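Only one structure is covered here, and it is reproduced in the block below.
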Protein chains: 2
Amino acid sequence: MSSAAQQLPDEPVPSVAAVPDPPRQRDAERTRAEILDVATQEFADRGYAGARVDEIAAKTSTTKRMIYYYFGGKEQLYVAVLERAYKRIRSLEQGLDVEHLDPVQAVRELAGLTFDHHEAHPEFIRLVSIENIHRAEHIARSEALSGLANPVLDVLGRILERGWDAGLFRGDVDALDVHQVISSFCVFRTANRHTWRALFGRDMLDAERREHQRRMLGDLVVAHLTAR
Amino acid sequence: MSSAAQQLPDEPVPSVAAVPDPPRQRDAERTRAEILDVATQEFADRGYAGARVDEIAAKTSTTKRMIYYYFGGKEQLYVAVLERAYKRIRSLEQGLDVEHLDPVQAVRELAGLTFDHHEAHPEFIRLVSIENIHRAEHIARSEALSGLANPVLDVLGRILERGWDAGLFRGDVDALDVHQVISSFCVFRTANRHTWRALFGRDMLDAERREHQRRMLGDLVVAHLTAR
DNA sequence: TCCGCAATGAACTAATTGGTACATTAGCGT
DNA sequence: ACGCTAATGTACCAATTAGTTCATTGCGGA
């Protein structure tokens, strides 16, 4: 692999003045980002042990040398992948604004956002599964990740307060409980999609069933919170 | 590792008539089972790619040779592990009898059984996670596993029928939907235990929270089914 | 009792894989 | 102009790892 702008065999190589469209050479940030992109895909696809440094390098426009130059090793690369993935998720979560809705509509909206979000980022869910197989040892060691608060929890906390004040919600489930219920549902359908289909013949991510599932999650959470 | 009946260093080795309590030599079934036991542990612990055939062999009282003799290779061993694990789960599921309970109590009982069951078999949950990382390709290829019906679904189906007939349950969720909700909750708290604790500081499997979580699941499912 | 085969063990191998040594070059600051 | 360093590429290595070869032995049946 020599250059990003590969030529088909027959095409004449443009002679002198062929300037590569993006100023392509020696761009540390671009190289770093490209490695992270490929590594994210590979780790999510094959797990930590299953991913191959050589394979990651090969799918890059640079070489294995650069992985060690920028990240130090396979494990540090994996941690960098995790950190970036979580960072992205968090920044997306920042954007949710449901303060203006009534508590019931607000939880329903929040659940729907999580639903959409997890469905749109299967590779993130896979990374989380993989990290759990490793007992979250990398997250625990990463200062950038461990204990970093989740914006969703604050939002949920405020919604619950309003729901309690209005006498709408039961008092014996806290924000983390509700988040757990929502996460369970949303993570499960992506994380366990394949065994589920193999065992039950139903694809939980089937587009035809999507609306039914989304409504089901909303109903589930609202019914739970407003029960009794 | 030479024998199942290990001696402490100081104890004198019993001389001639020491018949090994279980007739220990040349027992194909025992060897097979021991390999499967160790392999289950190792695969669940480190994933398919992360598990080492040498390590599995070392933790056995036999040698690597036997793994290849009985199973053929790493992948076939892994499939054998999966098949046995699923078989055990199914046989346990056979035992549930909730026909005598009213529909609401029956779903609550069923959910509780799944809850207990998954909590008691974390290594099974891990294997399922691992198999999902591999897109269930091994399950799909295994005749013993793919498409084999789950007894839980029949039980749930009958409970739902009774609930519908009694006008207790909503009609727009089927048995598989309910099973999905229950599985989501039960699988998630085990499968994602570690990242959850690392990120939120709460152990979903903490014994102190166990009853709360168990009740929460029951309430969740019942509230959902009886809503409106 | 003894033969044939299932069952077992020790050592070996070919390929893979994470990681490195060494050489090179682009381009920024002066 | 130019030199110094960040950035990059090639080739290599040592360790690991799945799988095998070949020899051996216990045991059930004839």
Side-chain angles (χ1 to χ4, degrees), chain A residues 1-6 18-39 42-43 45-81 130 134 138, chain B residues 1-5 16 18-39 42-43 45-81 130 134 138:
Chain A
M1 211 65 53
S2 59
S3 157
Q6 297 228 349
V19 180
D21 328 43
R24 189 60 182 89
Q25 280 169 339
R26 304 245 153 174
D27 187 330
E29 271 324 297
R30 188 190 301 262
T31 302
R32 253 187 98 92
E34 190 192 6
I35 292 172
L36 279 175
D37 287 341
V38 174
E42 284 295 302
F43 281 125
D45 221 53
R46 308 180 197 267
Y48 175 73
R52 300 288 168 234
V53 177
D54 283 297
E55 184 67 15
I56 294 172
K59 292 187 175 174
T60 288
S61 63
T62 63
T63 63
K64 181 164 62 157
R65 178 69 182 75
M66 289 296 94
I67 292 176
Y68 288 90
Y69 182 70
Y70 282 118
F71 299 97
K74 184 182 181 180
E75 189 168 355
Q76 289 123 297
L77 173 60
Y78 171 73
V79 172
V81 163
I130 289 161
H134 297 283
H138 308 95
Chain B
M1 212 67 47
S2 59
S3 157
V16 196
V19 179
D21 329 40
R24 189 59 182 91
Q25 279 168 340
R26 304 245 151 174
D27 187 331
E29 270 325 295
R30 187 189 302 265
T31 301
R32 255 188 95 93
E34 191 193 5
I35 292 173
L36 280 175
D37 287 340
V38 174
E42 285 294 303
F43 282 125
D45 222 54
R46 309 180 196 267
Y48 175 73
R52 301 287 167 233
V53 177
D54 283 297
E55 184 67 16
I56 294 172
K59 292 187 175 173
T60 287
S61 64
T62 62
T63 62
K64 182 165 58 159
R65 178 69 181 74
M66 290 297 92
I67 292 176
Y68 288 91
Y69 182 69
Y70 283 119
F71 299 96
K74 183 182 183 180
E75 189 168 357
Q76 289 123 296
L77 173 59
Y78 171 73
V79 172
V81 163
I130 290 161
H134 296 282
H138 309 96

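Just so it is clear, the structure is predicted and the values come from calculations on it, not from any experiment. Here is the naming used below: chain letters follow the sequence lines, and residue numbers restart at 1 for every chain.
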Is the shortest side-chain N/O distance from A:Tyr70 to OP1 or OP2 of D:dT8 below 4.0 Å? yes
Presence of B:Tyr69 side-chain N/O under 4.0 Å of D:dT20 phosphate oxygens OP1/OP2: no
Quick one, which residues of residues 47-57 of chain A touch DNA chain C with a heavy atom under 4.0 Å? A:Ala51, A:Arg52, A:Val53, A:Asp54
Sequence neighbours excluded, which residues qualify as side-chain contact (heavy atoms from CB on, under 4.5 Å) partners of [X]?
X: A:Tyr70; result: A:Ala28, A:Thr31, A:Arg32, A:Ile35, A:Met66
X: B:Glu75; result: B:Tyr48, B:His138, B:Arg141
X: A:Glu55; result: A:Glu42, A:Arg52, A:Lys59
X: B:Ala49; result: A:Ala49

Would you list the protein and nucleotides 3-5 of chain C atom pairs, both N or O, that sit under 3.5 Å from each other?
none

Please state how far atom [atom1] in [X] lies from atom [atom2] in [N], giving the value in whole angstrom units.
X: A:Tyr78; N: C:dG18; atom1: OH; atom2: P; value: 15 Å
X: A:Glu29; N: D:dA7; atom1: CD; atom2: C1'; value: 12 Å
X: B:Arg46; N: D:dT16; atom1: CZ; atom2: P; value: 14 Å
X: A:Gln76; N: C:dG19; atom1: CD; atom2: C1'; value: 11 Å
X: B:Glu34; N: C:dT8; atom1: CD; atom2: P; value: 10 Å
X: B:Tyr68; N: C:dA7; atom1: OH; atom2: C1'; value: 18 Å
X: B:Lys74; N: C:dT16; atom1: NZ; atom2: P; value: 15 Å
X: B:Phe71; N: C:dT8; atom1: CZ; atom2: P; value: 12 Å

Heavy-atom closest pair, residues B:Leu36 and B:Ala80: CD2-CB, 3.8 Å
Minimum heavy-atom distance between B:Gly47 and B:Ile130, given as atom pair plus value: CA-CD1, 3.6 Å
Modelled atom types, side-chain donor and acceptor of B:Glu34 and B:Ser61, under 3.5 Å: yes
Protein-nucleotides 9-13 of chain C N/O pairs closer than 3.5 Å?
{"unit_1": "C:dG9", "atom_1": "O6", "unit_2": "B:Arg65", "atom_2": "NE", "d": "2.9"}

Evaluate the side-chain proximity of B:Tyr68 to B:Leu77: yes if any heavy-atom separation is below 4.5 Å, no if none is. no
Worked verdict on A:Val79 versus A:Phe71 for side chain to side chain contact (heavy atoms under 4.5 Å, CB included): CA-CA 9 Å; A:Val79 172; A:Phe71 299 97; over 6 Å; no
Could you list the residues that satisfy salt bridge (charged side-chain N to carboxylate O under 4.0 Å, His left out) with B:Lys64, not counting sequence neighbours? B:Asp54
Please lay out, stage by stage, how B:Thr60 and B:Ile67 fare under the test side chain to side chain contact (heavy atoms under 4.5 Å, CB included). CA-CA 10 Å; B:Thr60 287; B:Ile67 292 176; 5.7 Å; no
